[in-house]
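One structure below.
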Amino acid sequence: MLLRLGSSPLPALRRARIYVCGITPYDTTHIGHAATFVWVDALSRVLEHVGIEVQVVRNITDIDDELLRAASEQGTTWQALATQQTFQFEDDMRKLRVQRPTFEPASRDYVTDVIFLTRALLDRGAAYESGGSVYFRAGDLHTASGLSRDDALGIYDARGGRVDDPAKDDPFDAALWQASGEGEPAWESPWGPGRPGWHVECAAMATTLLGLSIDVHAGGADLAYPHHAYENAMVEAATGVAPFSRSWMHVGTVTKGGEKVAKSTGNLVFVMDLLQDHAPQALRLLILDRPWRDSWDFDASALAGAEAKLESLWAATSRPGGSDAAVTAACEALLDDLDVPRALDIALDEGGEAARTVAKILALL
Ligand code: ZN
């Protein structure tokens, strides 16, 4: 059985290499984070169930403007805030039964790899040095986003693109190496003291740990542009290997009251608060019982519905029945673009082994 993810069936694999963009450790762990990582966990568990060895890299973006700002607002260092928030995040993931990734690299430990990648991009004429920084030539990269130039530029600017940086040839260009300002962390480089840009950090961690091409690149839907578009273009330009990733899994955004769950909108729903009153399996079920790419609105009352469905699933696991054909049909549903709702329908209708298999694969027992 082959896994289909979106429009692309993954070829028969013995080993699947998955890279998921992890957290910036300053506002963890909200329901939006949880959705991304629970879905990647479900993907890993489905692949493991059919005998595929899975390697997951989930990074920590601990060199970041927002993190620096949050640390200075709280009167602490970025290292201390990152360490404390990463600890909280890992604790939340453990409680949500998200398996530990194979590697959990932190940006600060991959600065040398970023410098190597930046040199490769300079050698290939895909980047230029200016004012102690090095920039990636974006060219017409934004056209692939399907956005108009003005809309793409607005989004790019809102997500750290620094479009007004006078050292750039073009506002869409992206810093691979950023000269550090006063009081900002800095590392030595051939271009002077500075720090890595955001997109190239993930490019460096993914290629260093998983190789020049990977099987699945995952992350929240809001990372598709600019983050993943730039990361992909940087890797392909540096290595000459395409595609960098065989498939992309952009997990739907979680909103609350119609607005994205985010620190900037002030509507954060923290996992640790939800787990005070609800079983982790209910939160997993709430996240997974829908198409993975769909955006959805979080409503605390929906957790009661998830709890009721979980009770029904548990009851179904102790019923007799669940033929081999039903087990196969449930597994095929999961392999068909991770169709959890269909697999749950089969589990609830057929019960027995079919229910036990689905509950076990999705860590709902
Ligand atoms: Zn990333």
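Whatever order the structure lists them in is the order used to number ligands and atoms, beginning at 1. In what follows, residues are counted from 1 in the order of the sequence shown.
The Zn ion (ligand 1) has Cys21 SG, Cys202 SG, His227 NE2 as its protein N, O or S neighbours under 2.8 Å.
The CH2 atom of Trp296 sits 10.5 Å away from the CG atom of Asp289 when rounded to the nearest 0.5 Å.
Nearest heavy-atom pair, Glu201 versus Gly197, reported as atom, atom and distance to 0.1 Å: CG-O, 3.1 Å.
Seen from the ring of Phe103, Arg58 does not count as a face-on cation partner, given the 6.0 Å and 45° thresholds.
Side-chain polar atoms of Gln85 and Thr28 form a donor-acceptor pair below 3.5 angstrom. Side-chain contact, Asp222 with Thr253: no donor N or O sits under 3.5 Å from an acceptor N or O. In this model, no donor atom of one side chain and acceptor atom of the other lie less than 3.5 Å apart for Asp109 and Ser107.
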